[in-house]
2 protein chains.
Amino acid sequence: MRRIAPDRADLLSIIGEVFREHGYEGASLALIGAATGLGKGSLYHFFPGGKEEMAAAIIAHIDGWFEENVFVPLQDRADPHAGIERMLEATDRYFRSGRRVCLIGAFALDESRDLFAKAIKSYFGRWVAHLAEALTRTGHSPARADELAEETVCAIQGALTLGRAFDDTAVFSRALQRARAALG
Amino acid sequence: MRRIAPDRADLLSIIGEVFREHGYEGASLALIGAATGLGKGSLYHFFPGGKEEMAAAIIAHIDGWFEENVFVPLQDRADPHAGIERMLEATDRYFRSGRRVCLIGAFALDESRDLFAKAIKSYFGRWVAHLAEALTRTGHSPARADELAEETVCAIQGALTLGRAFDDTAVFSRALQRARAALG
DNA sequence: GGAGTATTGTACCAATCGGTACAGTAGCGT
DNA sequence: ACGCTACTGTACCGATTGGTACAATACTCC
């Protein structure tokens with residue numbers, strides 16, 4: 001009966017979009033099934049832990065992507081400026097220039113935060129910490145680097161919210177431009 | 001059978017907290033009933049349109065609060081600096097120094113945005129626009145004022161997200177301090 | 001105190017929720 | 001061709017969802 005042989009990464013991406021669009025509560029198994037083309041049988045075969053395991057796997061998947069494409073570049077000791085630029089590019093790519101919303105940010109807002117608090121805290125914590133370290137390498141004082149890093153991640157998250165509210169991707173582009181100027 | 005005679009504002013505040021905490025989908029009538037102490041009979045008496053009417057009424061209620069406490073002060077033509085300071089104080093008060101999350105921002109992220117798109121867009125739009133006007137009065141060019149206003153509202157929204165992720169109200173306080181410095 | 005309205009609890013509804021059980025099929029290695 | 005595992009569809013579960021109906025009670029004004 002196998003229709004598609006979806007590798008796990010594809011599956012996680014699809015399910016991730018459902019969570020992104022509808023939130024944790026709103027993402028029903030019916031919606032997930034429709035989006036993936038999989039019945040409950042298959043879904044529970046891949047994720048015996050059900051919805052909660054799906055969400056956890058997606059968070060881990062996103063976390064892995066950021067680790068590789070955002071956090072690792074920031075640790076470039078040779079050229080911190082290049083690392084920061086690569087982070088901004090990866091961020092723009094990931095959020096599709098503002099067309100996409102931050103799933104982990106959305107989870108942070110409502111009650112689903114309690115289920116995934118550790119992972120959420122770790123994700124944002126590493127983002128800020130690695131950016132701050134890169135900024136100290138570009139010559140900023142540790143205190144100033146912490147401040148700038150937190151400000152930048154706040155600006156990105158806020159721009160995703162406002163961009164979505166206005167249904168206008170330009171908000172996100174402008175925020176990234178400002179970040180580029182402030183960090184450069 | 002009447003136990004309490006809750007005025008509508010109190011009722012909206014209580015229900016608002018439920019939506020804030022659980023999101024639109026997650027805020028079930030059972031939760032709302034438990035929080036307010038009202039049965040379905042009463043709830044549907046006050047809000048014949050059900051959950052959607054409740055959410056719309058809450059958005060309007062919040063909108064009204066911001067209109068009065070945030071947007072009107074920003075329109076102070078005599079002393080724009082004082083208006084901006086009053087906006088920052090009201091914002092801090094409203095979000096309880098970061099302990100509270102922005103309901104309208106949360107709605108903007110998930111699918112419930114589609115139901116309330118107009119109201120959400122208007123809320124953030126007026127916030128940015130009135131702040132920008134105040135900034136032109138303090139001597140900024142219109143272009144620079146728009147930029148600063150958008151940046152500030154993004155920073156506030158982002159700080160609410162990060163503050164909640166870290167479970168740390170200091171994130172929000174620092175963001176407001178930065179805003180104060182940038183706008184002053 | 002009586003009439004009329006505002007408010008309430010309860011019973012009920014079909015639909016959907018997340019989750020389980022399981023028999024059956026597909027695909028693969030041998 | 002065989003057996004084993006991976007995968008899948010379907011039927012089903014109890015609980016909960018948002019919503020309706022309505023009779024009963026509380027309150028208000030005359």
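Every chain is numbered from 1, with letters handed out A, B, ... down the list of sequences.
- Taking the six-membered ring where the residue is Trp, A/F66 and A/W127 present tilted rings, their angle falling between 30° and 60°.
- OP1 and OP2 of D/dT8 both lie 4.0 Å or more from every side-chain N or O belonging to A/H45.
- Contact check on B/E17 versus B/R99 returns no salt bridge, with no Lys/Arg side-chain nitrogen under 4.0 Å from an Asp/Glu carboxylate oxygen.
- Distance check, rounded to the nearest 0.5 Å: CG of A/L160 to OG1 of A/T91 gives 9.5 Å.
- Here D/dT8 presents its P atom at 12 Å from CZ of A/F47, a figure rounded to the nearest Å.
- A salt bridge links B/R126 with B/D63: at least one charged nitrogen is closer than 4.0 Å to a carboxylate oxygen.
- Counting only residues at least two apart or on different chains, no ring-ring contact (aromatic ring centres under 6.0 Å, His included) pair has a member in residues 131-162 of chain A.
- A donor and an acceptor atom, one from each side chain of B/R174 and B/Q177, are nowhere located under 3.5 Å apart.
- B/R86 and B/E89 are not joined by a salt bridge, as no carboxylate oxygen comes within less than 4.0 angstrom of a charged side-chain nitrogen.
- Taking the side chain as every heavy atom from C-beta outward, B/I104 and B/F116 never approach each other to under 4.5 Å.
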Can you give me the N/O atom pairs linking the protein to nucleotides 17-20 of chain C at distances under 3.5 Å, or say none if there are none?
{"from": "C/dC17", "atom 1": "OP1", "to": "A/S28", "atom 2": "OG", "distance (Å)": "3.1"}
{"from": "C/dG18", "atom 1": "OP1", "to": "A/K51", "atom 2": "NZ", "distance (Å)": "2.8"}
{"from": "C/dG18", "atom 1": "OP2", "to": "A/L29", "atom 2": "N", "distance (Å)": "2.8"}
{"from": "C/dG18", "atom 1": "N7", "to": "A/K40", "atom 2": "NZ", "distance (Å)": "3.4"}
{"from": "C/dG19", "atom 1": "OP2", "to": "A/Y44", "atom 2": "OH", "distance (Å)": "2.7"}
{"from": "C/dG19", "atom 1": "OP2", "to": "A/K51", "atom 2": "N", "distance (Å)": "3.1"}
{"from": "C/dG19", "atom 1": "O5'", "to": "A/Y44", "atom 2": "OH", "distance (Å)": "3.1"}
{"from": "C/dG19", "atom 1": "N7", "to": "A/K40", "atom 2": "NZ", "distance (Å)": "3.0"}
{"from": "C/dG19", "atom 1": "O6", "to": "A/K40", "atom 2": "NZ", "distance (Å)": "2.2"}

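- If one axis is set at each end of the helix from C/dG1-D/dC30 to C/dT30-D/dA1 from five pairs, those axes are 20° apart, to 10°.
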